[in-house]
Amino acid sequence: MRTPIIAGNWKLHMNPEQTTEFVNAVKDKLPDSDKVESLICAPAVDLDALRKAAAGSNLHIGAENCYFEDEGAFTGETSPKVLSEMGMNYVIIGHSERREYFHETDEEINKKAKAIFANNMTPILCCGESLETREANKQEEWVVGQIKADVEGLTAEQVSKLVIAYEPIWAIGTGKTASSDQAEEMCKTIRETIKDLYNEETAENVRIQYGGSVKPANVKELMAKPDIDGGLVGGASLVPDSFLALVNYQD
Ligand code: PGA
């Protein structure tokens, strides 16, 4: 059985004080981790506050990005080794904003995935098509191409633990959610791709999130779909009550 995982992606919002306040407001109201994993991925400058505030609670913690080398002359980058030492559980990689504004390539994303696993954390690998690609009805080949390139060289054991987030770019921050059927269709295609690349067991284990304007009002419908195992949530994860409504969607 795959444990649902609802993750907040704070992007470039919040400071350490706000992080502590947020965690204090939610930490005693989270579901048990074996029922639903609740996760916040925060900016690097907030991670120390996040880890301290979340200690001993059901809140899982993660970063929004990292580099693929543990150390060296890489000015401005974040070490996956240090993230792991800090107690981070997850690192988001390949978010469409990083692909678009910071020109991240599938090759770099693939190296990051390997570095994150090597440091005993779990990557949340984002994929998704632009509006132009969807209008040309090329979304499946686009997303399958991203997945194939991004998981290249990962073992079946690693991919079993991986989290993949399908986020159609046209639905991110726009208020325009993909319909639950559109989201399910792509998540199913991603699972089939993992089955083709690895095997049935790996495909059954990999967790696939949908992201793009997920809110308390639509989370239940999305989570009812068989191939959607969670949500990656931007805007609606910034307010404690809204985050709590998302992670407690089963209540
Ligand atoms: P959104 O962002 O929920 O604000 O649409 C999702 C994401 O980019 O991960």
Side-chain angles (χ1 to χ4, degrees), residues 4-14 18-19 22 26 36-44 46-47 50 59-66 88-104 109 112-113 116 122-134 139 142-143 146-147 150 162-180 182-184 186-187 190 207-223 225 228-249:
I5 175 167
I6 306 282
N9 167 20
W10 278 357
K11 309 193 179 186
L12 194 53
H13 297 288
M14 307 289 250
Q18 292 166 326
T19 300
F22 179 99
V26 302
V36 177
E37 264 186 62
S38 313
L39 165 67
I40 289 290
C41 295
D46 297 330
L47 293 178
L50 182 66
L59 187 64
H60 296 245
I61 55 178
E64 297 175 14
N65 181 34
C66 69
M88 295 303 133
N89 312 114
Y90 291 91
V91 184
I92 298 172
I93 51 172
H95 192 280
S96 59
E97 287 150 17
R98 295 214 56 87
R99 291 179 191 258
E100 184 179 348
Y101 307 140
F102 304 98
H103 314 294
E104 258 181 34
I109 293 160
K112 290 181 181 192
I116 292 162
T122 302
I124 297 182
L125 168 63
C126 302
C127 58
E129 80 286 357
S130 65
L131 186 58
E132 205 183 354
T133 303
R134 182 157 282 262
Q139 65 273 16
W142 177 265
V143 170
Q146 285 182 322
I147 296 292
D150 297 342
L162 183 67
V163 177
I164 297 174
Y166 167 58
E167 300 202 306
I169 298 168
W170 46 271
I172 295 177
T174 57
K176 220 194 245 180
T177 327
S179 72
S180 54
Q182 283 172 320
E184 165 61 18
M186 188 65 83
C187 291
I190 293 170
R207 289 186 292 174
I208 306 175
Q209 299 175 313
Y210 166 77
S213 300
V214 176
K215 298 179 218 62
N218 58 25
V219 65
K220 237 187 165 127
E221 183 184 340
L222 289 161
M223 291 303 293
K225 295 291 181 186
I228 300 180
D229 306 314
L232 184 58
V233 189
S237 73
L238 290 166
V239 176
D241 281 352
S242 166
F243 182 70
L244 283 171
L246 289 166
V247 297
N248 290 304
Y249 72 93

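One-based numbering, in listed order, for ligands and for the atoms of each.
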Compare all side-chain heavy atoms of [X] with those of [Y] and state whether any distance is below 4.5 angstrom.
X: His95; Y: Ile172; answer: yes
X: Tyr249; Y: Pro216; answer: no
X: Glu97; Y: Phe102; answer: no

Answer yes or no: is there a donor N or O on one side and an acceptor on the other, between the side chain of Arg98 and the main chain of Glu64, under 3.5 Å?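 Judged by distance alone, no pair lies under 3.5 Å.
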Would you compute the distance between atom CG of Leu232 and atom CD1 of Ile92 and round it to the nearest 0.5 angstrom?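 Separation between the atoms: 5.0 Å.
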Neighbour list for ligand 1 [protein residues, heavy atom under 4.0 Å]: Asn9, Lys11, His95, Glu167, Ala171, Ile172, Gly173, Gly212, Ser213, Leu232, Val233, Gly234, Gly235
Side-chain atoms of residues 233-246: list all donor-acceptor pairs with protein atoms under 3.5 Å, sequence neighbours left out, distances to 0.1 Å.
residue	atom	partner	partner atom	Å
Ser237	OG	Val233	O	3.1
Ser237	OG	Gly234	O	2.8
Ser242	OG	Ala236	O	2.5

